[in-house]
Amino acid sequence: MDYGRYFDVAAMLDGTLPEPPRPSYGVRTDQHALFYAGEVNSLFGDPESGKSWLALSAARELLGEYGDGSVLVVDMDHNGPAATVSRLLALGASTAALADRERFLYVEPDDRRHLVAVVADMKLWRPDIAIVDSLGEMLPLFGSSSNSADEYTTAHSAVLKPLAKSGAAVLVIDHLAKGAESRKLGQSGTTAKRRAIGGVSLRVTVKDAFAPGQGGSAWLTVNKDRHGGVRQHCPPAREPVAGRFELKPSTIDGVLEPIIHAPADTDRAPSFTISGEDSGNLEADVDGLDALTPPPSSKRDVQTRMNWGGTRASNALAAWRERNADA
C-alpha cells in the first residue's frame, strides 16, 4: 500500500510540518500584511473605491527605490500602459524597476490565446505579485459568466490558479453584487468565486472619495481569510476591519503616499448585515438554504422548514435566489 497518497498525521503530531501561510504584501502600519504569496487574493467593491490603487500600492512595495521583487500587471480593463505606469510612479515606484523586464511586465491581452500564453510565461518568469484587473473582463474571454460555477471554475483553472502556482500573490480585482441583499454577502456572481479564494478576500469601501492628485481613503474588511493570518490581527467581528487604505499627497508634487493603517479596536466600517432582531446572519442563512433538499420554494416554505420569522426568511430567500441566479 502506498501511504504517500495520504496525509502524514505523524509529521503533524511531531511538529515537522511547515507553518501555515502568512500574508506577505500590502504591509500595514503595524507591519502585518494583507495578501498571501502563492494564493489567489481578491479585492472587491464599487467603482472608484480604491481597489486598483490598493493593488498597485502592494506592487510598489516591490518596485520602490528599496524594493526587490517582480510584478506582472494583466490589464483586462484597458486602463492602458501610460495610466498604469503613471499610477505606479505616483505611488513611488522607481523608473529603473519599471523599465527592467526582469522586474516589471505589463500586458493588455488581445484574446484568450494571448492571456493563456502570458500565464505559461509566468511559470518561468515567476512574479512575486500578479495583478489581474479585472475579473469581470477576464471571464468573457473564456465565454464564461460570473453566474455560472462551472464556467468560472474553467477560467480560474486556466489563469488564476496557475499564476498562484508560480508563487505569485495573485491580486484579482472584482465588483460587488448589484442586489441590495447579495451585496452584503460580497462579490458579484457565483459563490464559486468565493470558494476559489485561497488567500484573503477584502471588501473595499470608500471612506473619503478618491480624487486625482488629492488622494482619498477606503475601509478594508475581511470577507474571507482561508488561513486566518489576516483575521488574527484584526478586531473580532464577523467581517472585521483589516485596516484603512489612504492615499496622501506628499511634499513632492504629483506623488501620493500610500498608507495601510492598522485597525484600531474602535474602528467600525460600514455595516453589511441587515438591521433588526429578526435578521440573523445573512451569509449563514443563505448557506442554510443551499443545504435544503428540495430547494426552498417560497417565503412560507422557508419559515416552515427553518423555523424563522418572516423578515429573516424573506431576506435570506431573496439573497439565496440572487446567489443562485443562472448558476
Side-chain angles (χ1 to χ4, degrees), residues 21-23 25-26 28 32-36 39-55 58 131-136 146-147 149 152 156 160 164 169-207 217-245 260-263 267-274 279-288 290 315-316 319-320 322-324:
R22 295 180 181 178
Y25 307 113
R28 306 186 315 198
H32 292 299
L34 297 177
F35 304 117
Y36 294 87
E39 300 283 8
V40 177
N41 306 270
S42 171
L43 298 82
F44 68 90
D46 287 316
E48 307 299 325
S49 60
K51 304 182 296 296
S52 296
W53 279 111
L54 176 59
I131 298 172
V132 179
D133 188 1
S134 65
L135 186 58
S146 284
N147 294 320
Y152 171 76
H156 174 89
L160 305 182
V170 182
L171 310 185
V172 185
I173 296 170
D174 199 10
H175 303 291
L176 268 169
K178 294 181 180 179
E181 299 306 325
S182 55
R183 283 170 65 87
K184 297 178 178 68
L185 298 176
Q187 294 163 268
S188 61
T190 174
T191 55
K193 285 183 178 182
R194 192 170 187 272
R195 289 196 299 269
I197 298 299
V200 68
S201 179
L202 295 180
R203 187 191 300 263
V204 183
T205 308
V206 168
K207 180 179 183 291
S217 67
W219 289 110
L220 310 177
T221 53
V222 180
N223 186 256
K224 178 181 178 180
D225 181 13
R226 183 178 294 276
H227 303 292
V230 178
R231 188 181 289 270
Q232 74 177 105
H233 300 295
C234 300
R238 173 177 164 267
E239 188 165 317
V241 176
R244 182 171 60 86
F245 173 60
I260 303 175
H261 297 278
D267 280 347
R268 293 293 181 269
S271 174
F272 305 105
T273 56
I274 303 171
S279 63
N281 179 320
L282 182 61
E283 184 174 5
D285 287 354
V286 174
D287 288 341
D290 263 339
N315 289 332
W320 178 84
E322 191 144 359
R323 174 193 277 189
N324 291 280

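Computed from heavy atoms alone, side chains included, the values below leave out hydrogens, waters and symmetry copies.
In this structure, His227 NE2 and Gln232 CD are separated by 12.5 Å, a value rounded to the nearest 0.5 Å. Note that NE2 of His233 is 10.0 Å distant from CG of Asp225, once rounded to the nearest 0.5 Å. Atom SG of Cys234 sits about 9.5 Å away from atom NE2 of His32, to the nearest 0.5 Å. Distance check, rounded to the nearest 0.5 Å: NZ of Lys51 to CG of Asp46 gives 7.0 Å. Taking CG of Asn41 as the reference point, atom CG of Leu202 lies at 8.0 Å (rounded to 0.5 Å). In this structure, CG on Leu43 lies 11.5 Å from CG on Asn223, to the nearest 0.5 angstrom.
Asp267 is not listed as a side-chain neighbour of His261, based on a closest heavy-atom distance of 4.5 Å or more. Phe44 places a side-chain heavy atom less than 4.5 Å from the side chain of Arg203. Looking at heavy atoms from C-beta onward, Phe245 lies out of side-chain contact with Val204 at the 4.5 angstrom threshold. Between Pro240 and Arg231 the shortest side-chain heavy-atom distance falls below 4.5 Å. Using a 4.5 Å cut-off on side-chain heavy atoms (C-beta onward), Leu135 and Leu160 make contact. Contact of the Pro23 side chain with the Tyr36 side chain is registered, since non-hydrogen atoms from C-beta on lie closer than 4.5 Å.
Residue Trp320 comes nearest to Asp290 through the heavy atom pair NE1-OD1, 2.9 Å, listed as atom of the first residue, atom of the second, then distance. Shown here for Tyr25 and Ala169, the closest heavy-atom pair between the two residues is CD1-CB, 3.6 Å. Between Leu34 and Val200, the shortest heavy-atom distance links the atoms O-CG1, 3.0 Å. Across every non-hydrogen atom of Val241 and Pro235, the tightest pair is O-CD, 3.5 Å. In terms of heavy atoms, Ala242 sits closest to Val230 at CB-CG1, 4.3 Å. In plain terms, the two heavy atoms of Thr221 and Glu239 that are nearest each other are OG1-OE2, 2.9 Å.
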Stepwise side-chain contact (heavy atoms from CB on, under 4.5 Å) test for Val172 and Ile197: CA-CA 10 Å; Val172 185; Ile197 298 299; over 6 Å; no
His175 and Ser134: CA distance, side-chain angles, deciding distance, side-chain contact (heavy atoms from CB on, under 4.5 Å) verdict: CA-CA 8 Å; His175 303 291; Ser134 65; 4.0 Å; yes
Evaluation steps, side-chain contact (heavy atoms from CB on, under 4.5 Å), between Arg226 and Glu39: CA-CA 10 Å; Arg226 183 178 294 276; Glu39 300 283 8; 5.7 Å; no
Audit row: Ile260, Leu54, side-chain contact (heavy atoms from CB on, under 4.5 Å) steps and yes/no: CA-CA 9 Å; Ile260 303 175; Leu54 176 59; 3.8 Å; yes
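Legend: residues meeting salt bridge (charged side-chain N to carboxylate O under 4.0 Å, His left out) with Arg244, ordered by chain and number and at least two apart, are Glu246.
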